[in-house]
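Please read these numbers as outputs of a predicted model, since none were measured by experiment. A note on names: the letters A, B, ... follow the listed sequences, proteins ahead of strands, and every chain is numbered from 1.
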2 protein chains.
Amino acid sequence: MRPREFDHDDVLRIAFDQFWRKGVRGTSLSDIARDAGVQRGSLYNAFGSKEALFLQAYERYAGNYLLALQKALGMGSLRKRLTAFFDLTISNFRSGAPPRGCPTTRGLMELGAAEGEGLDEEARQAFASLVSRITALVQDTLSAGARRGEFNGNPAAAALHIVTVTRGLAVLERAYGDEAQLRKIASHTIDLVLDKKGG
Amino acid sequence: MRPREFDHDDVLRIAFDQFWRKGVRGTSLSDIARDAGVQRGSLYNAFGSKEALFLQAYERYAGNYLLALQKALGMGSLRKRLTAFFDLTISNFRSGAPPRGCPTTRGLMELGAAEGEGLDEEARQAFASLVSRITALVQDTLSAGARRGEFNGNPAAAALHIVTVTRGLAVLERAYGDEAQLRKIASHTIDLVLDKKGG
DNA sequence: CTTCATTTTTGACACGATGTCGAGAAAGCA
DNA sequence: TGCTTTCTCGACATCGTGTCAAAAATGAAG
């Protein structure tokens, strides 16, 4: 057995950085290979294909992101939790220079696009899975808030609405790049959900 | 002067159909040339580049879409108008077999992605322009509703919120492909906006 | 220590995409 | 009829993905 000359996790990190900055289709394996100091062929040997490499890199990101999310949703009043949720979401979109947007939303629109080509379906599921998990976390937060009398609506419907807004924010971020606008929409959404008339 | 052997508008229509089904990066000029019965070189001669062709095809679509939108927003109570707005939006996402999603959102995430490459910026503006125009139409509708006592919130903020939700719906359509879910979110959004406590 | 088996690395190759270029073809006009 | 202008067409350069076989490096067995 000959040992691998590069670190698996390092490559995933470097690759995801490129994918995030330039999009999946806009990033070539040559770019990643150069950045990682590895031959292109070695990447194929280790990961199989560009999309397989992307999927592994994305799963790595999704795990980290969910951890941060749980932390943000875990403290204070319901309003504080939702504010922290939107803060984290928007900060994530606006991280990097220039801002890199939302990798999940970009990936969904970029790869979930082509007609049934096999791996695209696998990618679609990876993205959808993260969105579902985020929705579940928000729903749990709302349910807890309802038990404490901080919320009187339908947690499932409200969570879906909130997550839909965050996906919309990801799109508007690309369209306008106006962070203040995103924060305004977020705060307006929290008001709508929490001030709703008896449900 | 030798006359062109193909119809300009026909090619735009055929090209946009391909771009809509397979994404911009997923569609090759050879595909379009084959479908349109034209040589690839002729497309370069007539349109300059793939992205220039896409932009022209997209502008053609955007014009038609805005016309349909004005029609949908022009009749009945405010609730009826907003319902028609979401209906048109979702029907548009779900048109085709398989459903083609939202071309604007897909285009934004696909092209507005790469770092300052010139034409990508032009594309971004085309997408952003349609989103802005849609927002303006919704805002006008809400303002008219406010004058008739059907709405007591801030039209600008509410319009932005509604359009943000439609962008989110475009993303969820790709993630889940569940049309009933999209319609539920839409109806919930209308309730939130119209039932809001005095603002 | 030598040999072997296994895995990684590496470079060459096939293929398809974008975009350029120049030669040839087809109209309008003098 | 001949000239000019534009369009069409095929060849080419370049870059992307993905495959393959040969070479290199390591661990294990004799």
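- Spacing between atom CG of B:L111 and atom C1' of C:dT18 amounts to 15 Å, rounded to whole angstrom units.
- A salt bridge does not link A:R25 with A:E110: every distance from a Lys NZ or Arg NE/NH1/NH2 to an Asp or Glu carboxylate oxygen is 4.0 Å or more.
- Checked against C:dT9, D:dG10, D:dG16, the side chain of A:F6 finds its nearest nucleotide in C:dT9.
- The interatomic distance linking B:F54 (CZ) with C:dT18 (P) rounds to 14 Å, in whole Å.
- Remark: B:R183 CZ to B:L169 CG distance equals 10.0 Å, nearest 0.5 Å.
- Side chain of B:R4, nearest nucleotide from D:dC7, D:dG10, D:dG16: D:dC7.
- The two residues A:V24 and A:F19 have their closest heavy-atom pair at CA-CD2, 3.7 Å.
- Rounded to whole angstrom, the span from the CD1 atom of A:I32 across to the P atom of D:dG16 amounts to 12 Å.
- What separates CG of B:D7 from P of D:dC7 is a distance of 14 Å, to the nearest Å.
- The closest donor-acceptor contact from the side chain of A:K184 to the backbone of B:A157 lies at 3.5 Å or more, if one exists at all.
- Residue contacts for A:F47: at a heavy-atom cut-off of 4.0 Å it reaches no nucleic acid atom on any strand shown.
- Comparing D:dT17, C:dT18, C:dT9 by their closest approach to the side chain of B:R40 singles out C:dT18.
- With D:dT8, C:dT9, C:dA17 as the choices, the nucleotide that has an atom nearest any side-chain atom of B:N45 turns out to be D:dT8.
- When the C1' atom of C:dT20 is taken as reference, atom CG of B:L29 falls 14 Å away, rounded to whole Å.
- Nucleotide C:dG24 holds its P atom 17 Å from the CD atom of B:Q39, rounded to whole Å.
- The side chain of A:S28 has D:dT17 as its nearest neighbour among D:dT26, D:dT8, D:dT17.
- Put simply, CG on B:L160 and CD on A:Q181 are 5.0 Å apart, with the number rounded to the nearest 0.5 Å.
- The side chain of A:Y44 lies closest to D:dT19, out of D:dC7, D:dT19, C:dT18.
- For the OP1/OP2 pair of C:dT8 and a distance below 4.0 Å, the side-chain nitrogens and oxygens of A:S42 include no atom meeting the criterion.
- Note: CZ (A:F19) to C1' (D:dT17) measures 12 Å, nearest angstrom.
- Distance B:R25 CZ to D:dT17 P: 12 Å, rounded to the nearest Å.
- Closest contact between the side chain of A:E5 and the listed nucleotides D:dT8, C:dG19, C:dT9 involves C:dT9.
- Candidate nucleotides D:dT17, D:dT8, C:dG19 were compared by shortest atom distance to the side chain of B:S49, and C:dG19 ranks first.
- Side-chain atoms of A:P3 lie closest to D:dT26 of the nucleotides C:dA17, D:dT26, D:dC9.
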